[in-house]
Amino acid sequence: MGSVDNVAQSTSASFPLVSWMERRNKVHAEQMEKRRDLIDDIDNFDAKRAEWSKFPLPFYLHEPTWNCPFSERIGRLGDGGKWICGLRLLKDPCIIYSFGSEGETSFESEASYLSGCEIHIFDPTLRTPPKNLPPRTYFHKLGLSDKPGVETIADMKVEVDTLKGLMDTLGHDFIDVVKMDIEKAEWRVFKQLADSSFFPFDQLSIEIHDHHKEGFLDDIVYFFNRLDKAGFRIWYRENNPFWFEAMEYSLISKRGDDRLIKLAVEGGLSRPFLARY
């Protein structure tokens, strides 16, 4: 597969998508510099640090610095749906992992219809599998954690595994999209992924919760700094209307973004399309 730079060079200078890409890179760099300057300022002044440590300000320290030309909100409105970049552009074979559903599968059903991807739903708290799952969609009564074993979740003893453990079990070495809503367990999971520099996916759509512990500001800065170093960019942020202590984020890796742009160019899509709800 050729690089997106080669695709850009082989098209005319007036090609709308390519010129838009160039401007987007500049805006991203400028916004990241502003974020770093603000974080440095907060670290150097106790009064500002105390102010920015108050919930929910740490969330607003991390605004989107990127945008997706092919954005769609997949699933129902309100809690449950997620913003995904270029889902319709993904080609089989593509893999989606969905962690935490509580039996609400509008995201998985619409994702299956739009992409034809193989989808795996993980939720150890459901007593019975969701009904009427779409084709190529599989349910696993397993949870995601920072180590394999048995944990207590919602007063239930449930089996859990790491992301790598789940991927090894299913025979996957890469995931196109990870959707994650695991009720504060994301902090333990993310630390394990960050410590091992293991980010085997192109997109992450995650609900991040206030963990009500000291150091929330430091934890969320670390969270996004590690993702930034791994090449991920925040392109969407959304308040959860049903849970004010949580924030929805959508991120995409540079690798994944390049891949979607190339698929769009190869498919003859020369202009970004408007976001679809």
Side-chain angles (χ1 to χ4, degrees), residues 55-56 58-59 62 74-76 78-84 95-108 111 119-127 129-130 137-170 172 175-196 198-213 216 219-220 222-224 226-227 232 234 236-251:
F55 179 85
F59 285 134
H62 296 87
I74 309 301
R76 71 180 184 181
D79 198 15
K82 302 291 182 184
W83 282 93
I84 305 296
I95 305 292
I96 297 174
Y97 278 19
S98 176
F99 295 103
S101 72
E102 295 186 336
E104 202 291 301
T105 57
S106 62
F107 170 85
E108 293 79 12
I119 302 174
H120 294 268
I121 303 172
F122 302 87
D123 195 327
T125 64
L126 294 183
R127 299 188 184 278
T137 301
Y138 308 95
F139 173 76
H140 308 275
K141 194 174 172 60
L142 292 165
L144 179 65
S145 190
D146 57 339
K147 57 186 177 182
V150 176
E151 294 183 3
T152 300
I153 302 176
D155 297 324
M156 300 170 58
K157 295 287 187 181
V158 298
E159 186 177 354
V160 298
D161 205 345
T162 63
L163 181 60
K164 187 176 188 308
L166 294 171
M167 293 175 68
D168 288 346
T169 298
L170 295 173
H172 299 144
I175 310 166
D176 293 86
V177 177
V178 170
K179 166 188 171 283
M180 191 182 300
D181 183 359
I182 53 176
E183 305 304 328
K184 300 181 184 178
E186 67 269 13
W187 294 106
R188 288 186 292 117
V189 169
F190 181 80
K191 186 177 186 307
Q192 187 265 328
L193 295 177
D195 289 349
S196 59
F198 186 65
F199 299 104
F201 43 82
D202 273 347
Q203 293 194 56
L204 174 64
S205 184
I206 181 171
E207 184 174 82
I208 301 178
H209 303 78
D210 180 8
H211 55 39
H212 295 289
K213 298 176 183 177
F216 179 56
D219 287 345
I220 202 165
Y222 176 73
F223 183 97
F224 284 112
R226 291 296 295 140
L227 285 169
F232 285 84
I234 305 171
Y236 199 84
R237 191 196 67 203
E238 177 180 77
N239 292 82
N240 184 323
F242 300 100
W243 188 247
F244 74 95
E245 295 184 344
M247 189 74 75
E248 307 274 357
Y249 284 92
S250 294
L251 303 98

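Along the sequence shown, the residues carry numbers beginning at 1.
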#### Entry: Value rounded to 0.5 Å, distance of NE2 in His140 from CD1 in Ile121
8.5 Å
### Message
Applying side-chain contact (heavy atoms from CB on, under 4.5 Å) to Leu163 and Ile175, what does each step give before you reach the verdict?
### Response
CA-CA 10 Å; Leu163 181 60; Ile175 310 166; 3.9 Å; yes
### Message
Ring centres under 6.0 Å, that's the criterion: do Phe216 and Phe59 meet it?
### Response
yes
### Message
Looking at every heavy atom in both Pro148 and Thr162, which two are closest together, and how far apart are they?
### Response
CD-CG2, 3.9 Å
### Residues Ile96, His120; criterion side-chain contact (heavy atoms from CB on, under 4.5 Å); working and verdict
CA-CA 6 Å; Ile96 297 174; His120 294 268; over 6 Å; no
### Task
To the nearest 0.5 Å, tell me how far Thr125 OG1 sits from Asp155 CG.
11.5 Å
### Message
I need the Met180 CE to Ile182 CD1 distance, nearest 0.5 Å.
### Response
5.0 Å
### Query
How would you list, by chain and number, every residue that makes a salt bridge (charged side-chain N to carboxylate O under 4.0 Å, His left out) with Lys191, sequence neighbours excluded?
Asp195
### Query
Are the side chain of Arg76 and the backbone of Ser106 linked by a donor-acceptor contact shorter than 3.5 Å?
no
### Query
Do Gln192 and Lys147 touch side chain to side chain, with heavy atoms closer than 4.5 Å?
no
### Query
Between Phe139, Phe99, Tyr138, which is the residue that forms a ring pair (Phe, Tyr, Trp, His ring centres under 6.0 Å) with Phe122?
Phe99
#### Entry: 4.5 Å side-chain heavy-atom contact, Leu251 and Gln203
no
### Query
Would Glu248 and Lys82 pass as an ion pair if we require N to O under 4.0 Å?
yes
### Task
Could you pull out all residues at least two apart from Lys157 that satisfy side-chain contact (heavy atoms from CB on, under 4.5 Å)?
Val150, Thr152
### Message
Applying the side-chain contact (heavy atoms from CB on, under 4.5 Å) criterion to Phe232, which one of Phe201, Phe224, Tyr249 satisfies it?
### Response
Phe201
### Query
Can you tell me if Glu108 and Thr137 form a side-chain donor-acceptor pair at under 3.5 Å?
no
### Query
Are Tyr97 and Leu170 close enough that some pair of their side-chain heavy atoms sits under 4.5 Å apart?
yes
### Task
Determine whether Tyr236 and Ile84 make a side-chain contact, defined as any pair of heavy atoms from C-beta on separated by less than 4.5 Å.
no
### Query
When the ring planes of Phe199 and Phe190 are compared, do they come out parallel, tilted or perpendicular, using 30° and 60° as the limits?
tilted
### Task
Would you please indicate yes or no on a ring centroid separation below 6.0 angstrom for Phe223 and His62?
no
#### Entry: Asp210: partners by side chain to side chain donor-acceptor pair (under 3.5 Å), with sequence neighbours left out
none
